[in-house]
Amino acid sequence: MTGTYAKPGKYTQEGYLLCEKEINDKGGLLGRKVRFVVYDDKSEPPTAIKLYEKLITEDKVELVMGPYSSPVTNAASTVSEKYKKVMMASLAATTSIWERGFKYLFMTISPAEVYLEGLVDLAVERGLKTIAVINEDTLFSKAAAKGTIELAKKKGMQVVFHEAYPKGTTDFSALLIKIKALNPDVIAAGSYFDDAVATTRQMKELDVNPRMYGVTVGGDLPEFHQLLGKTAEYVYGSSQWEKGLPYPRIKEFVANYEKMWNREPVYHSAAAYGACQIYAEAIKRANSLESDKIREQLLKLKMTTAFGEYQVDERGFQVAHKMVLHQWQDGKKVTVWPSQVAEGKPLYPTPPWLRR
Amino acid sequence: MMTGVLGLLLAAVGGLAILPLFASGYLISFTIQVFMWMALAGSWNLISGFTGYVSFGHVAFFGIGAYTGGLLITKAGWHWLPAGLAGCLPAVALALVIGYPCLRLKGPYFAIAMLGLNEVVRALVSYFEGFTGGGSGVSLPPILSIVPVYYAMGGVAVAVTLLTYRIITSQFGLRLLSIREDEIAAEVMGINTALLKLYAFLLSAAFPGIVGGFYAWYASHIEPLSVFPLLTTITMIIMCLFGGQGTVLGPVLGAVLLSVFQELVWARFLFVHQAIFGALIVGVVLLMPRGILGVLQERYRLPRTI
């Protein structure tokens with residue numbers, strides 16, 4: 001597991017291997033042991049193409065699971081589709097991947113477009129009117145920003161600013177100064193970890209004071225608060241999964257995971273684990289390893305794993321899984337949306353930097 | 001000796017020509033990527049190996065070719081073969097625009113200018129979002145068989161190698177080498193170095209453009225980050241140095257050996273492969289600065305024309 005996505009890639013692998021162990025402890029699948037063959041795609045799409053060719057034509061695997069990230073899944077799925085192998089894409093959130101008309105590709109996590117639905121919802125509930133959106137200019141972040149803008153407009157908010165920045169940007173002051181001049185109620189960032197940390201830090205330096213501020217990826221990691229300390233307080237972050245959610249067998253999953261890997265699972269671990277469980281269930285129901293039979297089951301399957309709900313439309317696109325929005329409160333991540341699973345109330349409004 | 005090498009080469013080409021008949025998809029896919037590296041390292045060799053003008057931005061031609069191919073296929077509905085071949089046009093045009101002023105620069109300036117060029121092209125591709133898809137890139141339809149791409153990519157690799165042979169056995173090649181050894185002396189001898197360098201540079205840009213065009217079809221998704229990485233230029237350079245710069249078979253040898261090596265080492269040592277790879281490079285540069293072929297030519301008196 002090397003390259004840009006080394007870290008989440010490792011969590012994904014751990015989730016798969018825990019699922020493998022649990023299935024084998026219960027006697028395997030269709031009476032046979034399950035064995036995962038794992039390779040390092042170096043976070044590069046062309047390497048992934050070569051490796052999925054290897055998995056399917058040389059290692060002769062019977063089933064394939066998705067890699068980590070949208071760009072890599074985008075490339076890998078062209079291979080699995082060619083060989084008519086069902087791929088459970090456990091960690092790809094970009095809608096456009098499912099707009100290519102593939103028959104054997106199934107989605108596990110919620111799409112990028114709804115990552116900040118909670119932020120918009122909470123803002124509208126509190127009567128906020130204006131929103132500024134920034135995003136990294138890459139596949140996932142762009143889709144996340146676009147989705148946020150559409151949701152905000154639909155709910156009657158006014159999008160006063162939208163701009164993208166290239167991957168690798170470290171200085172956001174020009175963007176933030178423009179936003180400061182517009183003084184929006186809400187700032188939403190379609191971000192990964194590094195840029196999420198940098199924008200938050202620079203918002204404090206430049207004294208940019210929205211009433212609510214949320215990021216897509218990065219805000220959910222413990223490192224976010226470790227690096228930023230008090231600056232991370234009041235920041236909203238989105239997540240596909242949290243360990244405190246009321247899903248079946250979630251406590252068991254967290255405990256087994258900690259036992260096997262000596263650390264807490266994050267949502268990447270849970271998504272990989274959940275995808276593997278869903279796949280296994282579909283295979284059991286199909287009672288066969290034939291792609292078309294598994295596909296048929298996956299299309300009509302509705303189930304809830306430790307990762308949450310699963311149900312797809314005719315494209316294999318996820319429609320049931322729910323995102324959560326949390327807020328950093330006193331060094332803890334508190335789930336504040338949706339209300340059915342919320343652990344606490346959002347601290348609102350966010351006080352200006354000078355009074356924190 | 002020469003006939004021995006020739007016989008070996010013909011056998012290799014013959015073997016590769018029928019490989020898709022019996023090989024697995026993985027082996028075909030792997031070989032396509034080796035062909036790609038052969039063509040890229042060979043193209044870099046044409047300008048940098050022959051004239052000593054080190055290009056640090058060669059991937060710009062690959063990337064612009066990939067976008068040309070990708071957009072012609074998706075927006076204009078072209079067949080992938082002409083679309084890929086068309087990748088050479090903007091690459092050569094770009095080389096003309098940048099090469100004319102920049103090849104007059106000496107020392108590290110050309111290297112840096114090329115590095116800058118790659119960043120400029122990448123930024124432009126991201127900026128013209130309506131046309132190029134910006135950071136989301138371009139999605140192409142998935143390909144049903146990679147065998148045609150195998151032959152197309154192999155064809156480019158062979159073409160680059162044949163052209164290198166043609167150059168090295170001609171006056172043009174000798175003159176280019178004289179620029180590498182001593183540019184001022186070459187000028188004094190009445191050689192129009194500016195024009196020669198420009199010709200070599202245009203040839204050197206055309207092939208990465210085509211390779212990029214075919215790559216877009218093969219990978220079926222391109223984005224600025226995946227087709228303009230600095231690492232691609234560095235890999236071209238390393239392969240060329242490893243095999244032997246300024247030779248015909250050096251880039252071929254470098255591409256094959258390093259690809260195979262990476263593939264084997266990566267499979268066995270998941271976590272340390274990059275360190276091993278790096279150490280190998282340092283070792284080669286220190287112990288064999290003229291590359292494998294350079295050493296073979298000295299030790300075994302292999303002809304200079306291979």
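Lettering of chains follows the sequences in order, A, B, ..., and the numbering in each one begins at 1. Values below: all heavy atoms of this structure, side chains included; hydrogens, waters and symmetry mates excluded.
B/Ser139 OG to A/Arg100 CZ: the interatomic distance, rounded to the nearest 0.5 Å, is 4.0 Å. Taking CD of A/Glu58 as the reference point, atom OG of B/Ser29 lies at 10.5 Å (rounded to 0.5 Å). For the atom pair OG (A/Ser70) and CD (B/Glu223), the distance works out to 9.5 Å, reported to the nearest 0.5 Å. The CG atom of A/Leu51 sits 7.5 Å away from atom OH of B/Tyr26, with the distance rounded to the nearest 0.5 Å.
Contact of A/Tyr52 with chain B is not made at all, since no heavy-atom distance falls under 4.5 Å. With a 4.5 Å cut-off on non-hydrogen atoms, A/Phe140 does not touch chain B at all. Only the side chain of B/Leu231 comes within contact range of chain A, with at least one heavy atom under 4.5 Å from a heavy atom of that chain. Contact annotation for B/Tyr127: neither backbone nor side-chain heavy atoms come within less than 4.5 Å of a heavy atom of chain A. Only the side chain of B/Leu225 comes within contact range of chain A, with at least one heavy atom under 4.5 Å from a heavy atom of that chain.
Interface summary for chain B: among A/Glu136, A/Glu81, A/Lys167, A/Glu99, the most heavy-atom pairs under 4.5 angstrom belong to A/Lys167. Contact tally against chain B (heavy-atom pairs below 4.5 Å) for A/Thr94, A/Asn74, A/Leu55, A/Ile97: the top residue is A/Asn74. Among A/Thr138, A/Thr78, A/Asp137, the residue with the largest count of heavy-atom pairs under 4.5 Å with chain B is A/Asp137. Counting heavy-atom pairs closer than 4.5 Å to chain B, the top residue among A/Thr57, A/Val79, A/Ile56 is A/Thr57.
In this structure, the side chains of A/Pro166 and B/Arg122 stay at 4.5 Å or more apart for every pair of heavy atoms.
When the options A/Glu53, A/Lys54, A/Lys50 are evaluated for a side chain to side chain contact (heavy atoms under 4.5 Å, CB included) with B/Phe30, the one that passes is A/Lys50.
Annotation: A/Phe36, atom CZ; neighbour count of heavy atoms from other residues, nucleotides and ligands within 6.0 Å is above 12. Heavy-atom neighbours of B/Phe56 CZ from other residues, nucleotides or ligands within 6.0 Å: at or below the threshold of 12.
In plain terms, the two heavy atoms of B/Leu144 and A/Lys82 that are nearest each other are O-CD, 3.1 Å. Between A/Leu139 and B/Ser136, the shortest heavy-atom contact is CD1-O, 3.2 Å. Taking every heavy atom of both residues into account, B/Pro142 and A/Phe102 meet most closely at CG-CE1, 3.3 Å.
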Margin query: Show, in sequence, the C-alpha distance, side-chain angles and deciding distance for B/Gln33 and A/Thr47, and conclude whether the side chain to side chain contact (heavy atoms under 4.5 Å, CB included) test is met.
Written below: CA-CA 9 Å; B/Gln33 290 180 27; A/Thr47 309; 5.5 Å; no
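The existence of a salt bridge linking A/Lys142 and B/Glu129 is confirmed by a sub-4.0 Å separation between a basic side-chain nitrogen and an acidic carboxylate oxygen.
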